[in-house]
Amino acid sequence: MKVRITDTTLRDGQQSLLATRMRTEDMLPLCAELNRAGFFSLEVWGGATFDSCLRFLNEDPWERLRSLRKALPDTKLQMLLRGQNILGYKHYADDVVREFVRLAIKNGIDIIRVFDALNDTRNMETAIKAIKEFGGHAQGTVVYTISPLHSADKFVETARTLVGMGVDSLCLKDMAGLISPTVAYDLVKRFKKEFNMHVALHSHYTSGMASMAYLKAVEAGVDSIDTALSPLALGSSQPCTETMVAALQGTEYDTGLDIALLSSISERLKKFKDAYPEAKIATFSVDTNVLTYQIPGGMISNFISQLGDQIDKLPQVLEEVPRVRADLGFPPLVTPTSQIVGSQSVLNVVGGGRYKMVSNEVKNYLAGQYGRPPGKIDEAFRKILIGDMPVIDHRPADSLAPELPAAKKEIAAFMENEEDVLSYALFPQVALKFLKERQARKYGVDFDLAESAKKEGYPV
Ligand code: CO
C-alpha cells in the first residue's frame, strides 16, 4: 500500500529548528512547487506559529493562513491544535474553541490534528465536535510517552474514545522522539487492527530512532508519516522527506513523490534558512538526554535560558525532571505539561529545596485544572502543595463562562475583522500590542506603543 507524506517543514520543522521564527515571505516562494509535489497534506499552521507571528514577527497569523491557502490551492492544509488549550497554554472556554475552529476552517485549514497533553479526551471533545460541524477533517491524537502507567492497551483505549467521538483519522504523536522501531510497529499494528481508519505517525529525530520507527510503522501498515524537507529535518525536527521518499521508492510502499522536485524546493529553502540567526544555534545531532531522561529537545533549550548563569546545575535539573513527573502522576511531556514539569524542576534545584517554591501552574495542575493526570496523585503531597485550594474532577472548561463577549468589547476599538477577537482571546497582551501597532501603521501614526499603552492602562 502506498504511504502518504505529511510535510511539516512550514510548521514543526521551522518550530523545532528555527525557534518558530520563519516568516511568511520566506514560505510563499516555496509554495508553487510544494503544491505540485503530491503530499497527503502540508502542516503549515498551529502549534507555536500563531503565538510567534504575533509576538516576534509582527505578522497576523490569520493573514499568513490566507496567503498560504491561496498559494497552495491543490494541497490539504493541516494544523496542530492543543484541544481546549487551542494554541495557548491554559484552558479556554468552549465558545472560544468553537469560534477558533470555525475561523481556522473558514480561512483554509482542511485537517485539524487535536491533542491533549494528558490524553484526557474530555479536553478534545469540544474541538472535535466543532471540526465536524464546520466541515473539517478531525484527526484525533494519542500522545505517546513512556511511563509505568502507559501501555499499548492504554493508548488503544484513548484511541477508541476518540473514534467514538467521530474522528476521521488517528495520529500517534511522539513529540519527544522516544518511540522505538518495535513499539512503533506494534502500536500501528494494533491501531490498524482495531480501527478501520487512516493512521498517521508523528515523531521527532531527537533520539536518532525516528526514521527506523517510520520504516517499521510502514511495514505495520501506517497510512501517513510526518517528515520535513532536508534543510529543516533531523535533530529535534522530523525525519527527512527526501530520505523517506527514497527509502520507500520501488517498494510496495512507494510514496510516488518526485525526489528531484523535492530537492529543488530544499535547495531554495536552504538559502532562506541559512539567513536566520536561529539556524546557527539549532542542533541537528542526536541528543542522548532524550534516551536517558526522556526529555524532549525543546525542554533542554528552555532549561539553558531559565538557568542563566547557574547552567552548571543542568545535570541536577535533568535528573529532577523524572522525579517531578512521577510526583505529578506521569503526564506526557508536551505543551503545556513540559513547561509545567520543566519550570518546577528548575525551581526544585535552584529554589533552595524541593517544592520550597511551587509555581502557580503546578498548583493549578494539582487542582485538576488541566484535566485528569494519567496516575493518581498522592493526597498528602497534594495537600502540602496546594493547601485548601478546591480540587476539581470535572472537565476543566466546564467551570469556564463564555469568554468571547468580553473579548469583543475590550478589543472593539482595534478590531478590523472577526479573527482579531480570537487573537485577543488567546493572547490578550501580545495581540493587543499587535492590533494597536497595525492601526497606527494604517493611519501613518508613528507613536511609541509601549508609552501609549502605559498611559491608557493597557497591559503591554
Ligand atoms: Co512535533
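We use all heavy atoms of the structure for the numbers below, so side chains are in, but hydrogens, waters and symmetry mates are not. Just so it is clear, the model here is predicted, and its values are computed rather than measured. Read the numbers this way: they start at 1 and go in the same order the structure lists the ligands and their atoms.
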_If you consider just the N/O/S atoms, which atom of Asp12 is the closest one to the Co ion (ligand 1)?_
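Answer by atom name: OD2.
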Among the N/O/S atoms of His202, select the one at the shortest distance from the Co ion (ligand 1) and name it.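 Distance check against the Co ion (ligand 1) picks out NE2 in His202.
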Can we say [X] and [Y] salt-bridge, meaning some charged N sits less than 4.0 Å from an Asp/Glu carboxylate O?
| X | Y | answer |
| --- | --- | --- |
| Asp12 | Lys173 | no |
| Glu99 | Arg102 | yes |
| Arg160 | Glu157 | no |

Asn123: side-chain hydrogen bond (donor to acceptor under 3.5 Å, both in side chains) partners, not counting sequence neighbours:
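Only Asp116 meet the side-chain hydrogen bond (donor to acceptor under 3.5 Å, both in side chains) criterion with Asn123.
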N/O/S from Asp226 sitting under 2.8 Å away from the Co ion (ligand 1) =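 It does not: Asp226 brings no N, O or S atom closer than 2.8 Å to the Co ion (ligand 1).
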